[in-house]
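This report refers to the structure that appears directly beneath it.
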Amino acid sequence: MSTVSTRAPARADRPAQSRPPAKRRRPRRREQQWPAYVFLTPWMLGAAVLTLVPMAVSLYLSFTDYNLFDPPQWVGLRNYQEMLTEDPRFWRSVGTTLLYVVVAVPLKLLLALGAAMLLKNLGRGRAFYRSAFYAPSLLGASMTIALVWRALFNDGGSVVDILGSVGIDTGGWVGNPDLAIYVIVLLTVWQFGAPMVIFLAGLQQISPELYEAAALDGAGRWRQFVSVTVPMLSPVVFFNLVLEMIQSFQVFTPAFAVSGGEGGPADSTMFYTLYLYERGFTASHMGYAAAMAWLLLIAIGIITLILFRTSRSWVFYADEEGR
Amino acid sequence: MPEPRSGRRRPLSRRAVLAAAAVGLSTALTASLSACSSSGDVSSGGVTLTFSWWGNDDRAARTRKAVELFEKEHPGVEVRTSNADFGSYMQKLATQAAGGGIPDVAQLDYRQISQYAGGGTLLPLGDSVENGTIRTSEMDEEFVRTGTFEGKQYALPMGRGITGYAYDSTVYQKAGIPTPQPGWTWEEWAQANRRIAALGLKSPDGRDMVGANDNGVNEDIFEDWLRSRGGKLYKSQTELGFTEDDLTEFWTFCDKLREEGVVAEAKDTSQASTTELSPMGRGLAAADFTWDAPFPGYPALLGDQVHFAPVPTADGRQGAYFKPSMLLGVGSNSEHPEEAAELVDFLLNDERAGDILGFTRSTPPNRTIAARVAKTLEGAEKEIYEYAQKMESYGLDAPPPAPPRGDVAIQTAFKRAYHRVMYELTSPREAAREFIDEAERELRS
């Protein structure tokens with residue numbers, strides 16, 4: 001404990017001493033950076049001790065067999081190999097997570113965009129509705145809401161009863177492996193407020209002159225949407241897409257709460273993160289869990305990279321026009 | 001915050017900055033150093049012990065009371081207690097063990113013994129038992145052995161539990177089923193379920209009431225089933241004691257009954273996390289396999305017609321056994337192993353402590369205390385005590401040694417594998433194969 005905290009400040013201080021001489025023309029500035037680093041020290045200490053060190057340890061653990069009791073044993077790539085070749089539940093959890101991401105993210109973004117379009121032209125009640133739609137994003141991450149959600153979609157829950165009374169007899173969703181995942185999808189989609197606010201800001205950035213010009217050229221509403229709104233909004237769409245995608249891959253709390261921590265029924269809500277948690281904290285395979293975490297990080301990194309690559313062909317930045 | 005105009009102000013002197021940094025750092029250091037030392041601190045002249053357990057508020061209140069009595073009798077010894085619910089307790093203890101220090105005295109689950117003893121987290125208690133600091137004369141020898149690992153005593157059982165069968169005697173009478181006896185068979189049980197389903201009693205949500213819950217998810221009941229046929233769950237710390245055929249047979253038996261519609265449906269079984277949510281608790285089934293400690297919850301919920309019966313057998317040989325519902329161990333890094341052992345003995349063998357603790361950890365392993373406390377019991381608690389007596393005289397096989405390290409993971413895997421059978425995602429044989437693969441991987445690592 002104490003060794004970590006004595007060493008860390010030395011590391012954090014280093015950048016201050018070995019500043020490159022680039023700013024030599026203003027020597028007084030250099031003098032004044034001292035206090036800045038001193039005041040940054042707590043943050044840098046925190047980043048080092050609470051983020052960088054654990055990440056390094058986690059990377060090391062991912063190459064070990066560690067059950068919390070015996071010292072970690074180096075096993076090289078065995079965790080990764082076991083995961084990819086011997087563990088059917090690992091692949092099922094990958095499949096479940098992908099299904100969730102592919103369904104939940106587009107739905108949520110569409111709903112957010114739709115709501116933003118409606119709110120954009122709303123006069124008086126806008127502030128009210130904006131807050132009302134945003135509220136679920138604040139509430140939704142809580143355990144309580146997830147439990148309420150579970151009750152709504154369970155046998156005898158309101159949603160199931162209402163669907164039943166209009167002739168759609170689904171039975172309880174929570175106990176049905178084909179439907180349980182959609183309880184969580186709907187919970188996520190319901191929290192469309194955050195991307196909605198960003199869309200709304202994006203929509204307000206679009207110059208009204210563009211719409212006027214389009215209208216003069218005889219473009220109808222739909223045409224305006226496709227030819228003006230969508231391209232002008234594409235950077236915001238892209239931003240929301242990346243953000244939501246990354247978040248969705250890491251979904252944990254709702255799945256944990258809705259399935260009572262078990263990812264059930266029959267592993268149908270056993271998301272990657274839930275399986276990771278189970279491997280680490282129930283089964284005490286910390287090495288395996290660490291390896292899963294790193295694989296997830298790498299996978300999210302690759303998918304984000306692909307999104308960035310493809311974005312060149314569909315994201316339109318207004319300031320690129322002249323190039 | 002407004003940005004300071006740099007030109008106007010005198011820059012802070014280097015000395016001032018260094019001084020501030022030094023102060024900041026040294027406080028951080030002292031904080032971390034003192035955090036390290038606080039675990040081993042000794043109150044003025046005396047001894048401080050730490051003691052932790054999991055359980056509900058009733059257990060916590062009673063345990064604290066017993067601990068206060070211990071402190072009164074041992075001047076100079078202070079006991080710091082802490083408790084939590086089972087899940088978070090398990091995680092906290094595991095983290096403490098990894099960090100190099102569980103409390104001086106800790107309540108342990110049967111499944112933790114191998115892991116903690118093997119990892120060097122627990123102090124061997126053999127000496128304390130031999131020199132009489134921890135008395136075991138009033139306990140069953142085989143039962144005390146449940147706290148051993150590789151031949152050494154690492155923990156002592158604190159409560160004795162046994163599997164059983166909560167059933168609605170009114171429904172059983174209506175269906176003309178005789179009261180289940182310790183020797184009743186799985187075939188008789190299956191017939192009983194068919195008869196109950198044939199009665200066509202309506203459950204609160206309008207479905208027909210079935211015989212029992214689907215016990216295919218329950219590894220404890222599978223163990224009883226295996227033992228009743230002379231098998232066991234684990235051959236050793238690294239090997240399973242049953243084959244793919246055994247498990248396939250068990251799961252096929254359960255699967256068929258469910259398909260017949262005489263035990264609970266998949267969606268109801270998968271949500272049975274508590275007594276209230278179990279098929280029996282929801283009025284969907286007439287019976288439920290359960291442990292003795294939670295049994296009183298059933299009559300409390302459903303009425304006094306609910307009674308406790310033995311788990312069925314293959315042909316009269318009972319597979320159920322007395323299992324330590326929890327044990328007490330001493331941390332290997334304890335600075336006061338003597339006093340810790342005294343506290344263990346006090347909680348297990350002191351009559352007054354026994355009176356205070358009652359049946360809050362199910363039947364106390366100390367016979368005299370159990371008999372003494374039993375006199376004060378009534379209703380469902382009395383019934384489980386009498387049930388245990390009855391089973392003891394019927395004759396049970398010795399309990400197996402503490403399960404291997406991977407057992408926690410294996411038990412959840414068991415449930416999950418059967419879920420896939422239950423929802424018809426796979427066949428009993430395939431599920432058995434996949435489960436055994438997983439279990440063997442778990443035991444290897």
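Chain A is the first sequence line, chain B the second, and so forth, proteins listed ahead of strands; every chain is numbered from 1.
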Exercise. Is chain A contacted by the side chain of B:E438, its backbone, both, or neither, given a heavy-atom distance below 4.5 Å?
Worked result: side chain
Problem set entry | B:D437 versus chain A, the contacting section by heavy-atom distance below 4.5 Å | neither
Problem set entry | Enclosure of A:W74 CH2 (heavy-atom neighbours >12, cutoff 6.0 Å) | yes
Exercise. Which pairs, with at least one residue in residues 146-187 of chain A and sequence neighbours excluded, count as a ring pair (Phe, Tyr, Trp, His ring centres under 6.0 Å)?
Worked result: A:W149-A:F153, A:W149-A:W190, A:F153-A:W173
Exercise. Where is the tightest heavy-atom contact between B:A409 and A:R279, given as atom of each residue plus distance?
Worked result: CB-NH2, 4.3 Å
For this session: Decide salt bridge (Lys or Arg N to Asp or Glu O under 4.0 Å) for B:R416 and A:D267; before the verdict, give the C-alpha distance in whole Å, the side-chain angles of both, and the deciding distance to 0.1 Å.
Result: CA-CA 7 Å; B:R416 197 168 281 120; A:D267 272 3; 2.8 Å; yes
For this session: Only pairs at least two apart or in different chains count here, so list each side-chain hydrogen bond (donor to acceptor under 3.5 Å, both in side chains) that has a residue in residues 47-61 of chain A.
Result: A:S58-A:W294
For this session: Look at atom NZ of B:K152 and say whether more than 12 heavy atoms of other residues, nucleotides or ligands are closer to it than 6.0 Å.
Result: no
Exercise. Are there residues of residues 83-93 of chain A that reach to under 4.5 Å of chain B by heavy atoms, and which ones?
Worked result: A:E86, A:D87, A:P88, A:R89, A:R92
For this session: Determine the option with the most heavy-atom pairs under 4.5 angstrom with chain B, choosing from A:A266, A:S259, A:P71.
Result: A:A266
Seminar exercise, completed: Applying a strict 4.5 Å limit to non-hydrogen atoms, the region of A:M286 in contact with chain B is neither
For this session: Compare every heavy atom of A:G175 with every heavy atom of B:S270, then report the nearest pair and how far apart it is.
Result: OG-CA, 4.2 Å
For this session: May I ask you to name which of A:V174, A:N154, A:V75 has the most heavy-atom pairs under 4.5 Å with chain B?
Result: A:N154
Exercise. Which members of residues 422-430 of chain B, sorted by number, sit under 4.5 angstrom from chain A on a heavy-atom basis?
Worked result: B:Y423, B:L425
For this session: Let me know if A:S268 has heavy atoms under 4.5 Å from chain B in its side chain, its backbone, both or neither.
Result: neither
Problem set entry | Heavy atoms from other residues, nucleotides or ligands near OH of A:Y80 exceed 12 (cutoff 6.0 Å) | yes
